[in-house]
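Here's the structure we're looking at; comments come further down.
Order of listing sets the numbers, starting from 1, for every ligand and every atom in it.
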Amino acid sequence: MSVFDNHERYGNVSRFFHWGMTLLLSVQFLTAIARFLFEDSWLDELMWGIHKPLGFLLLLFVILRFAWALINLSRRPASVSKAALIGHKALYVLMLVIPALAMMRQYGSGKAFSPLGLPLMDGFDTGKIDWMVGLGNLLHGELGWLLFAFVIGHVVMTVWHRIRQNPVDVMARMWR
Ligand code: HEM
Ligand code: HEM
């Protein structure tokens with residue numbers, strides 16, 4: 001198993017990013033589902049506390065993952081279809097834009113923000129930056145649910161390719 005990708009399969013680092021982020025994003029979706037379905041319940045109180053720091057961590061991960069994907073671009077297994085290519089690109093765009101919008105809204109709110117103990121934003125008391133807060137409010141949650149739907153579609157297509165073995169079982173590229 002190699003560090004880099006090749007035309008038959010993804011390498012160790014790509015797999016680490018893919019499955020590590022799958023795990024973290026699943027937890028992130030659980031925090032959002034708990035909030036959406038049971039706002040102010042004990043479950044929401046328990047889980048929502050990790051939404052912002054975990055979202056920030058996911059932003060760092062996706063920047064590194066994107067850089068790694070670019071480094072491996074000419075080596076990666078070819079997409080099975082135009083739809084798969086567009087679908088993977090859309091997943092990247094959403095994984096980047098969703099936490100970036102939230103960070104922008106957080107900055108625009110003027111409140112201090114120290115995710116994972118890092119003093120990232122000092123905050124200010126000159127009033128909110130309305131367009132930053134407005135854009136975040138408008139799009140962050142909606143795009144978050146869109147990503148959730150895309151991930152389900154992505155998993156369904158993976159299973160479909162595996163069952164039909166058509167055109168190839170893509171799972172073999174990312175697992176084992
Ligand atoms: C990939 C990372 C992220 C994903 C997938 C994600 C997903 C979501 C989703 C689906 C919702 C809607 C919940 C609902 O409808 O009740 C939401 C809400 C929220 N998220 Fe995130 N989030 C991410 C990162 C972040 C980050 C980094 C922050 C803050 C720095 C943040 C702050 C919030 C806040 C304050 C809300 C409630 C207000 C709203 O619905 O926009 N999120 N998030
Ligand atoms: C949060 C969840 C997920 C996201 C955001 C996601 C995203 C992606 C992306 C962007 C790729 C392109 C390769 C890369 O750059 O990493 C990919 C490939 C792949 N993913 Fe996922 N994935 C998720 C979960 C899953 C799950 C649960 C499965 C399996 C059931 C899966 C199976 C695969 C397979 C087999 C490939 C290779 C596809 C190919 O080469 O055509 N993914 N995924």
Legend entry - Atom indices of ligand 2 within 4.0 angstrom of Leu25 heavy atoms, with elements: 1 (C), 5 (C)
Inset, instruction - Measure the distance from atom 34 (C) of ligand 2 to every protein heavy atom, then report the residue, atom name and distance (to 0.1 Å) of the closest one. - result: Met174 CB, 3.9 Å
Inset, instruction - Run the numbers for me: atoms of ligand 2, each under 4.0 Å from some heavy atom of Val155, listed by number. - result: 26 (C), 27 (C), 30 (C)
Inset, instruction - Among all protein heavy atoms, pick the one closest to atom 23 (C) of ligand 1 and tell me residue, atom and distance. - result: Gln28 NE2, 3.1 Å
Legend entry - Option with minimal heavy-atom separation from atom 20 (N) of ligand 2, where the choices are Met157, His18, Met21, Arg173: His18
Inset, instruction - Check the hydrophobic clustering (I, L, V, M, F, W, Y; side-chain heavy atoms under 4.5 Å; chains of links allowed) and say if Val93 and Met104 are grouped together. - result: yes
Inset, instruction - Examine Ser14 against ligand 2 and note whether any of their N/O atoms are separated by less than 3.5 Å. - result: no
Legend entry - Hydrophobic cluster membership, Ile33 vs Ile98, 4.5 Å side-chain cutoff: yes
Legend entry - Closest to atom 8 (C) of ligand 2 among Arg65, Met95, Arg15 (heavy-atom distance): Arg65
Legend entry - Hydrophobic cluster identity match, Leu147 and Ile50, side-chain contacts under 4.5 Å: yes
Inset, instruction - Among all protein heavy atoms, pick out the one at the shortest distance from atom 24 (C) of ligand 2; state its residue, atom name and that distance to 0.1 Å. - result: Thr22 OG1, 3.4 Å
Inset, instruction - Answer yes or no for Arg65 and Phe17: cation-pi contact, defined as NZ/CZ to six-membered ring centre under 6.0 Å and angle to ring axis within 45°. - result: no
Legend entry - Heavy atoms from other residues, nucleotides or ligands near CZ of Phe113 exceed 12 (cutoff 6.0 Å): yes
Legend entry - Heavy-atom nearest neighbour in the protein, as seen from atom 2 (C) of ligand 2, with distance rounded to 0.1 Å: Val151 CG1, 3.5 Å
Legend entry - Contact with ligand 2 for Val80, non-hydrogen, under 4.0 angstrom: no
Legend entry - Under-4.0 Å heavy-atom contact with ligand 2, by part of Phe17 that carries it: neither
Legend entry - Whether His161 side chain and Asn166 backbone form a donor-acceptor pair below 3.5 Å: yes
Legend entry - Aromatic contact, Phe29 with Trp145 (centres under 6.0 Å): no
Inset, instruction - Can you pull out the closest protein heavy atom to atom 29 (C) of ligand 1? Residue, atom name and distance to 0.1 Å, please. - result: Lys52 CG, 3.4 Å
Inset, instruction - Could you tell me whether ligand 2 has any atom less than 4.0 Å away from a heavy atom of His161? - result: no
Inset, instruction - Please determine which of Arg76, Arg75, Arg9 meets the side-chain hydrogen bond (donor to acceptor under 3.5 Å, both in side chains) test together with Ser14. - result: Arg76
Inset, instruction - For Arg105, counting its heavy atoms only, list the atoms of ligand 1 lying under 4.0 Å from any of them. - result: 19 (C), 20 (N), 32 (C), 33 (C), 34 (C), 35 (C), 36 (C), 38 (C), 39 (C), 41 (O)
Inset, instruction - Within a distance under 4.0 Å of any heavy atom of Tyr92, pick out the atoms of ligand 2 and give their elements. - result: 10 (C), 14 (C), 15 (O), 16 (O)
Inset, instruction - Indicate the ring-plane relationship of Tyr92 and Phe66, choosing parallel, tilted or perpendicular according to the 30° and 60° boundaries. - result: tilted
Legend entry - Value rounded to 0.5 Å, distance of CG in Leu135 from CD1 in Ile129: 12.5 Å
Legend entry - Check: Leu120 and Gln106 side chains under 4.5 Å, non-hydrogen atoms: no
Inset, instruction - Compute the minimum heavy-atom distance from Trp48 to ligand 1 and say whether it is under 4.0 Å. - result: yes
Inset, instruction - Output yes when a side-chain donor or acceptor of Trp19 lies under 3.5 Å from a complementary backbone atom of Met174, and no otherwise. - result: yes
Legend entry - Region of Phe148 that comes within reach of ligand 1 [heavy atoms, distance under 4.0 Å]: neither
Legend entry - Contact atoms of ligand 1, heavy-atom distance to Gly144 under 4.0 Å: 10 (C)
Inset, instruction - Kindly determine whether Tyr107 and Phe124 satisfy ring pair (Phe, Tyr, Trp, His ring centres under 6.0 Å), including the steps that lead there. - result: CA-CA 9 Å; Tyr107 177 79; Phe124 48 84; 5.5 Å; yes
Legend entry - Short N or O distance, His88 and ligand 2, threshold 3.5 Å exclusive: no
Inset, instruction - May I ask you to list the atoms of ligand 1 that are less than 4.0 angstrom from any heavy atom of Met103? - result: 30 (C)
Inset, instruction - Flag His154 as yes if one of its N/O/S atoms falls below 2.8 Å of atom 21 (Fe) of ligand 2, otherwise no. - result: yes
Legend entry - Heavy-atom nearest neighbour in the protein, as seen from atom 13 (C) of ligand 1, with distance rounded to 0.1 Å: Trp145 CZ2, 3.9 Å
Legend entry - Nearest-0.5 Å distance that lies between atom CG in Leu96 and atom CG in Leu91: 11.5 Å
Legend entry - Sub-4.0 Å atoms of ligand 2 with respect to non-hydrogen atoms of Val170: 35 (C), 38 (C), 39 (C), 41 (O)
Legend entry - Shortest protein contact, atom 37 (C) of ligand 2 (heavy atom only): Tyr10 CE1, 3.7 Å
Inset, instruction - Between Phe66, Trp175, Trp19, flag the one that comes closest to atom 28 (C) of ligand 2 by a heavy atom. - result: Trp19
Legend entry - Arg76 neighbourhood, listing ligand 2 atoms whose heavy-atom distance to it stays under 4.0 Å: 13 (C), 14 (C), 15 (O)
Inset, instruction - Could you list which atoms of ligand 1 come closer than 4.0 Å to a heavy atom of Phe113? - result: 30 (C)
Inset, instruction - Would you mind running through ligand 2 and noting each atom that sits below 4.0 Å from a heavy atom of Leu91? - result: 7 (C), 8 (C)
Legend entry - Atoms of ligand 1, numbered as shown, that sit under 4.0 Å from any heavy atom of Phe56: 27 (C)
Inset, instruction - Just give me the atom name: the N, O or S atom of His51 closest to atom 21 (Fe) of ligand 1. - result: NE2
Legend entry - For Ile98, the ligand 1 atoms whose distance to one of its heavy atoms is below 4.0 Å: 3 (C), 4 (C), 6 (C)
Legend entry - Region of Thr158 engaging ligand 2 - heavy atom pairs below 4.0 Å: side chain
Inset, instruction - Using a strict 4.0 Å cut-off to heavy atoms of Arg35, name the atoms of ligand 1 that fall inside it. - result: 16 (O)
Inset, instruction - State, with a plain yes or no, whether a side-chain heavy atom of Met121 is found less than 4.5 Å away from one of Lys111. - result: no
Legend entry - ligand 2 versus Met171: contacting region, heavy-atom distance under 4.0 Å: both
Legend entry - Any donor-acceptor N/O pair, Asn72 side chain to Asp5 backbone, under 3.5 Å: yes
Inset, instruction - Give the contacting part of Phe61 toward ligand 1: side chain, backbone, both or neither, where contact means a heavy-atom distance below 4.0 Å. - result: neither
Legend entry - From the candidates Gly55, Gly141, Ala34, Ala32, the one that places a heavy atom nearest atom 27 (C) of ligand 1: Gly55
Inset, instruction - Keeping the roles fixed (side chain from Gln165, backbone from Arg162), state whether a donor-acceptor pair exists under 3.5 Å. - result: yes
Legend entry - Ligand-residue contact atoms, ligand 1 with Phe36, heavy atoms, under 4.0 Å: 15 (O), 16 (O)
Legend entry - Any Leu25 side-chain heavy atom under 4.5 Å of Met95 side chain: yes
Legend entry - Distance from atom 26 (C) of ligand 1 to nearest protein heavy atom, with residue and atom: Ala102 CB, 3.4 Å
Legend entry - Pairwise distance CZ(Arg35) to OG(Ser41) - rounded to 0.5 angstrom: 9.5 Å
Legend entry - His140 N/O under 3.5 Å from ligand 1 N/O: yes
Legend entry - Under 3.5 Å: donor-acceptor pair, side chain of Gln28, backbone of His51: yes
